[in-house]
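As structure tokens, the structure follows; a few thoughts come after it.
One-based numbering, in listed order, for ligands and for the atoms of each.
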Amino acid sequence: MEGEGDRCARPAGGALLGRLTTFRGLPGPPLPPPLLLLLLLLCGPVLGELRAPPEKIAVIGGGIGGTSASYYLRQKFGKEVKIHVFERRKVGGRLATLNVEGQDYEAGGSVIHPLNLHMKRFVKELDLASLQVSDGLMGIYNGENLVFEESSWFIINMIKLVWHYGFQFLRMHMWVEDILDKFMRIYRYQSHDYSFSSVEGLLHALGGDEFTGMLNRTILQSLQKAGFSEKFLNEIVTPAMRVNFGQSTSINGFVGAVSLSATDSGLWSVEGGNKRVCEELLRFSKAHLISGSVIHIEEKAKTGGTKKAYEITYKTNSGINTDLYDIVMVAAPLNRKMSNISFLNFDPPIPEFHQYYHHLVTTFVHGRVNASFFGLTTTDTFHLTDILTTDNPHLFINSISVVSPVKREADFQSKPASDLAVWKIFSSESLTKEQLNLLFASYDSVQEQEWNAYPHYKPPEKCPPIILHDRIYYLNGIEWAASAMEMSAIAAHNAALLAYHRWYGNTEMIDQEGLYEKLKTEL
Ligand SMILES: Cc1cc2nc3c(=O)[nH]c(=O)nc-3n(C[C@H](O)[C@H](O)[C@H](O)COP(=O)(O)OP(=O)(O)OC[C@H]3O[C@@H](n4cnc5c(N)ncnc54)[C@H](O)[C@@H]3O)c2cc1C
Ligand SMILES: *[C@@H]1O[C@H](CO)[C@@H](O)[C@H](O)[C@H]1NC(C)=O
Ligand SMILES: *[C@@H]1O[C@H](CO)[C@@H](O)[C@H](O)[C@H]1NC(C)=O
Ligand SMILES: *[C@@H]1O[C@H](CO)[C@@H](O)[C@H](O)[C@H]1NC(C)=O
């Protein structure tokens, strides 16, 4: 592997950054004098020729991962570098809306946690608006009847919860909060410019063996060990896993905790659709969008020099093209079915990833739900807006919820659920007409969207590498810890920092041990 100037340190931060005044990225801490001296000695002979900045960077994928990568790449590498973002379908990727009866609804990634600080910052910096996700009333259906029904009275809910589950609900929140607390350390590390060369390394820096160990166990094992009851696990934890990740409690403990954090209050989404963040990040980072599909990548010598670059071959409406890049970021799941990118003539070869993504169908139905399907007598006023389900092989849905459009008029009021409403259903297969006739008393429109939604989790999990080759970085390995918008943004920030530090040889900013202790005193 080539490494011209790779060993020469250059102060992190960079003067170029200063001119992009809207960015608030913090420069890295100064090097301690003895280390600086050592580096000066080592790099003495070539000091006059500090490595030139990269000319061109490719980002493959225009989802939240790719577009936030272009934002952070611009922030780190300055305004001169050309950034090309390849997207073969629509900018936004798994963030997409679907039009039902004249209004747009989130069909993919929909809710954002109040402590997802990258997403929060994007919305603020890009002048977008957020919408509170309305708290409806939740019920849990086991295939025969509702085992739990939320009431609109707070105090009744508390009594019901304690009656059914003791204080396990509270304990669960404390368990999740403890993990979230440690998870939040990532923002401090990243604001000080620290990066990690593996997903496991990143997790370890946040929560030590406890965090990496969560990838080795199922959420069921983790919570059983923590003493939660079978009833609580079946009736509360399982439905949360099914609605958020379409899978049971056999998913890994880390993604399981992320899923449980979605039971917190204060969830939000972006006005106009979450994909607006991707569109605006692209514009803000002044990246050039290429509407095309990347087919393969090969390492080539740059013309008239010994420097190496990556040649990307891609297909657009006007045919097959190629272009050379100094750095490549892959921000799409690497497998045959999804991105289908080949790495040609790499030695050693870049391994093929055979990772399986979970098939999920989102169906929107405008209609009136059939209350008796959920075991209620039709005379009951049906007031639930979210029905989650337990693990029952006879069930053909994971969840069904009333949804609000991504644009809301000032006087928008969510209607009582017994009225005609737009319902969103998650299921692993397309719903048949017979199934729709069971679920709905009446309906007039049906639309569906299929997804390769998120990894099919099966711990022990081994996350794919971030560094695929000298200057090729892979973002989506983080999805094997947990797939969420914020996780893609964290991976993007990390990869941009890693690419920057590796380009300029700032090895002290990569895989630092003991960061938490080190930064604790710096406020
Ligand atoms: C139904 C559903 C519900 C979800 N709910 C939530 C939620 O509530 N909250 C949350 O935080 N997360 C949620 N998620 C997960 C979240 O949507 C994803 O983790 C996130 O959007 C992934 O973003 P990404 O940019 O990494 O990947 P993607 O969005 O998949 O982006 C990759 C892009 O690369 C493009 N691409 C692929 N191959 C090529 C190629 N060869 N050449 C050019 N372009 C290519 C694709 O077209 C795609 O646009 C949900 C996901 C789904 C499907
Ligand atoms: C998780 O399992 C892997 C092997 O699958 C092992 O190498 C690693 O040490 C384990 N991590 C922890 C924290 O238990
Ligand atoms: C993947 O790309 C190759 C060409 O590189 C093509 O022949 C093949 O059909 C593609 N596979 C899928 C599943 O799209
Ligand atoms: C409603 O659900 C019940 C119970 O599953 C079913 O018998 C009935 O056919 C469904 N449809 C309507 C329109 O009531």
Side-chain angles (χ1 to χ4, degrees), residues 58-69 85-96 98 106-113 116 119 133 143-144 243-246 255 258-259 261-262 267-269 274-275 277-278 281 289-297 312-316 320 330-342 344 357-362 367-378 398-399 424 426 434-443 449-455 474-479 482-492:
V59 176
I60 305 172
I64 188 66
T67 55
S68 48
V85 175
F86 292 90
E87 174 52 60
R88 69 165 163 213
R89 294 201 185 99
K90 277 191 196 147
V91 168
R94 274 173 275 167
L95 305 183
L98 203 70
E106 293 290 359
S110 59
V111 301
I112 305 168
H113 192 274
N116 285 170
M119 290 303 292
V133 171
E144 281 160 22
V243 65
N244 291 312
F245 289 98
V255 67
V258 167
S259 179
S261 76
L267 301 179
W268 57 284
S269 62
N274 296 327
K275 66 173 183 189
V277 175
C278 305
L281 281 172
L289 175 68
I290 299 179
S291 300
S293 192
V294 171
I295 304 167
H296 53 78
I297 305 175
I312 289 188
T313 303
Y314 60 98
K315 198 174 156 195
T316 65
I320 307 269
V330 182
L334 274 179
N335 60 44
R336 273 287 155 80
K337 208 164 143 194
M338 293 170 76
S339 52
N340 197 18
I341 299 167
S342 311
L344 302 182
Y357 270 59
H358 206 78
H359 180 253
L360 187 88
V361 182
T362 312
R368 276 191 187 82
V369 121
N370 174 14
S372 57
F373 178 81
F374 297 101
L376 299 172
T377 59
T378 33
N398 297 343
S399 65
K424 174 155 103 176
F426 287 140
E434 292 71 40
Q435 292 170 335
L436 286 168
N437 286 337
L438 278 175
L439 274 176
F440 289 90
S442 67
Y443 62 92
Q449 167 117 35
E450 277 191 67
W451 297 106
N452 287 310
Y454 13 65
Y474 180 37
L475 271 58
N476 291 70
I478 205 163
E479 286 194 74
S483 173
M485 295 173 235
E486 186 73 6
M487 295 301 287
S488 291
I490 285 171

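- Annotation: side chain of Asn398 is not in contact with side chain of Val243 (no heavy-atom distance under 4.5 Å).
- By heavy-atom distance, the residue among Gly108, Ala69, Ala96 lying nearest atom 3 (C) of ligand 1 is Gly108.
- Looking only at side-chain heavy atoms (C-beta outward), Glu450 and His359 come within less than 4.5 Å of each other.
- Counting heavy atoms under 4.0 Å from ligand 1, residue Asn340 does not touch it at all.
- Protein heavy atom closest to atom 7 (O) of ligand 4, with residue, atom name and distance, is Leu438 CD2, 4.9 Å.
- From the protein, the heavy atom lying nearest to atom 3 (C) of ligand 3 is Asn340 ND2, 3.6 Å.
- Atoms of ligand 1 found under 4.0 Å from any heavy atom of Leu95, numbered from 1 in the order shown, are 17 (O), 21 (O).
- Note that atom 5 (O) of ligand 3 has protein non-hydrogen atoms nearby, at separations under 4.0 angstrom.
- Protein heavy atom closest to atom 40 (C) of ligand 1, with residue, atom name and distance, is Val294 N, 3.6 Å.
- Side-chain atoms of Ile312 and Ile60, non-hydrogen and from C-beta on, do get closer than 4.5 Å to each other.
- Nearest protein neighbour of atom 19 (O) of ligand 1, counting heavy atoms only, is Ser483 OG, 2.9 Å.
- For atom 36 (N) of ligand 1, the closest heavy atom belonging to the protein is Ala332 CB, 4.0 Å.
- Using a 4.5 Å cut-off on side-chain heavy atoms (C-beta onward), Leu334 and Tyr474 make contact.
- Side chain of Glu106 to backbone of Asn274: a donor-acceptor contact under 3.5 angstrom is found.
- For atom 8 (C) of ligand 4, the nearest non-hydrogen atom of the protein is Asn370 ND2, 3.8 Å.
- For ligand 1, the atoms lying closer than 4.0 Å to a non-hydrogen atom of Gly292 are 42 (N), 43 (C).
- Annotation: Phe86 is in aromatic contact with Tyr314 [ring centroid separation under 6.0 Å].
- Counting heavy atoms from C-beta outward, Leu289 and Val91 have side chains that approach closer than 4.5 Å.
- Without hydrogens or angle criteria, Ser259 side chain to Val255 main chain gives no donor-acceptor distance under 3.5 Å.
- Around atom 44 (N) of ligand 1, the closest heavy atom drawn from Arg88, Glu106, Glu450 belongs to Arg88.
- When heavy-atom distances to ligand 1 are checked against a 4.0 Å cut-off, Leu360 comes that close only through its side chain, counted from C-beta outward.
- Taking all atoms of both residues into account, the shortest heavy-atom contact from Tyr454 to Arg94 is CA-NH1, 4.3 Å.
- Among all protein heavy atoms, the one lying closest to atom 32 (C) of ligand 1 is Ala331 O, 3.4 Å.
- The shell of residues lying under 4.0 angstrom from ligand 1, judged by heavy atoms, excludes Gly246.
- Within the 4.5 Å cutoff, no side-chain heavy atoms of Val361 are placed close to those of Trp451.
- Residue contacts with ligand 1, taken as heavy atom pairs separated by less than 4.0 Å, do not involve Asn116 at all.
- For atom 14 (N) of ligand 1, the nearest protein heavy atom (residue, atom name, distance) is Gly109 CA, 3.7 Å.
- Taking a cut-off of under 4.0 Å to the non-hydrogen atoms of Gly61, the atoms of ligand 1 that pass are 33 (C), 34 (O), 35 (C).
- Listed by number with element, the atoms of ligand 1 under 4.0 angstrom from any heavy atom of Val111 are 7 (C), 8 (O), 9 (N), 10 (C), 11 (O).
- Distances from atom 11 (N) of ligand 4 to the protein include at least one heavy-atom value under 4.0 Å.
- Heavy-atom contacts of Ile295 reach the following atoms of ligand 3: 5 (O) (cutoff under 4.0 Å).
- Near Ser488, meaning under 4.0 Å from one of its heavy atoms, ligand 1 places the atoms 22 (C), 23 (O), 24 (P), 26 (O).
- Atoms of ligand 1 found under 4.0 Å from any heavy atom of Ala453, numbered from 1 in the order shown, are 53 (C).
- Closest to atom 46 (C) of ligand 1, if we only count protein heavy atoms, is Glu87 OE2, 3.5 Å.
- Taking atom 27 (O) of ligand 1 as the reference point, the nearest protein heavy-atom neighbour is Arg94 NH2, 3.1 Å.
- Of the protein's heavy atoms, Gly65 N, 2.8 Å lies nearest to atom 25 (O) of ligand 1.
- Residues Ser269 and Val133 come closest through the heavy atom pair N-CG2, 4.2 Å.
- Contact analysis puts Asn437 in contact with ligand 4, with a non-hydrogen atom separation below 4.0 angstrom.
- Of all atoms in ligand 1, listed by their number and element, those nearer than 4.0 Å to a heavy atom of Gly93 are 29 (O), 48 (C), 49 (O).
- Contacts between Ala262 and ligand 1, counted as non-hydrogen atom pairs separated by less than 4.0 Å, are absent for every part of the residue.
- In this structure, Ile64 and Val277 have side chains that are in contact, with non-hydrogen atoms separated by less than 4.5 Å.
- Close approach of ligand 1 to Ser110 is summarised as follows: ligand atoms under 4.0 Å from at least one heavy atom of the residue are 5 (N), 6 (C), 7 (C), 8 (O).
- Closest to atom 13 (C) of ligand 3 among all protein heavy atoms lies Arg336 O, 3.8 Å.
- Here the closest non-hydrogen pair linking Glu479 and Pro333 is OE2-CG, 3.8 Å.
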